[in-house]
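The block underneath contains the structure these notes are about, expressed in structure tokens.
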Amino acid sequence: MSVTSEYFVSGMHCHHCVSSVTEEVSAVSGVTDVRVDLDSGQLIVISDTELPFESIEAAVDEAGYSVATA
């Protein structure tokens with residue numbers, strides 16, 4: 001069973017930003033897929049189990065951006 005979580009990332013301005021967020025969030029243990037929409041800032045994370053928000057927050061912070069739950 002997979003879990004889909006939705007977040008919003010602020011501060012992204014280009015496709016490099018999307019790539020950075022995707023790379024960092026993909027490295028979180030349990031994440032199986034990441035989708036980032038530059039225009040809306042939407043971040044969709046698909047994982048094996050429910051992930052703590054802090055794990056996603058730390059990954060997005062590492063990429064240089066801020067994240068909030070949907």
Side-chain angles (χ1 to χ4, degrees):
M1 179 180 154
S2 63
V3 177
T4 301
S5 304
E6 185 178 344
Y7 307 94
F8 288 97
V9 177
S10 58
M12 296 187 301
H13 302 291
C14 65
H15 291 289
H16 179 267
C17 300
V18 170
S19 179
S20 295
V21 170
T22 300
E23 180 180 342
E24 292 296 337
V25 175
S26 293
V28 173
S29 180
V31 171
T32 58
D33 193 20
V34 177
R35 299 178 194 146
V36 182
D37 183 75
L38 177 61
D39 294 329
S40 68
Q42 183 183 46
L43 166 64
I44 296 177
V45 179
I46 301 171
S47 56
D48 294 329
T49 61
E50 191 74 33
L51 299 173
F53 173 72
E54 293 78 18
S55 296
I56 302 303
E57 184 179 38
V60 173
D61 183 64
E62 183 68 25
Y65 307 96
S66 299
V67 65
T69 56

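Not measured: the values here are computed from a predicted model. Because only heavy atoms are used, hydrogens play no part in the values below, and waters and symmetry mates are left out as well, while side chains stay in.
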Discussion item. Going by salt bridge (charged side-chain N to carboxylate O under 4.0 Å, His left out), name the residues that satisfy it together with Asp37, two or more places apart in sequence or in a different chain.
Written reply: none
Discussion item. Could you see if Val36 belongs to whatever hydrophobic cluster contains Leu38? Use Ile, Leu, Val, Met, Phe, Trp, Tyr and a side-chain cutoff under 4.5 Å.
Written reply: yes
Practice prompt. Answer with yes or no whether the hydrophobic clustering places Ile44 together with Val25; edges join I, L, V, M, F, W, Y residues whose side-chain heavy atoms lie under 4.5 Å apart.
Written response: no
Hey, can you pull the donor-acceptor pairs under 3.5 Å for the side chains in residues 1-19, sequence neighbours left out?
unit_1 : atom_1 : unit_2 : atom_2 : d
Glu6   : OE2    : Gln42  : NE2    : 2.7
His13  : NE2    : Gly11  : O      : 3.2

Worksheet item: Taking the side chain as C-beta and beyond, is there a heavy-atom pair between Val21 and Val34 under 4.5 Å?
Response: no
Practice prompt. With sequence neighbours excluded, give me every side-chain hydrogen bond (donor to acceptor under 3.5 Å, both in side chains) pair touching residues 50-70.
Written response: none
Worksheet item: Does Val28 belong to the same Ile/Leu/Val/Met/Phe/Trp/Tyr cluster as Ile46, with side-chain heavy atoms less than 4.5 Å apart forming each link?
Response: no
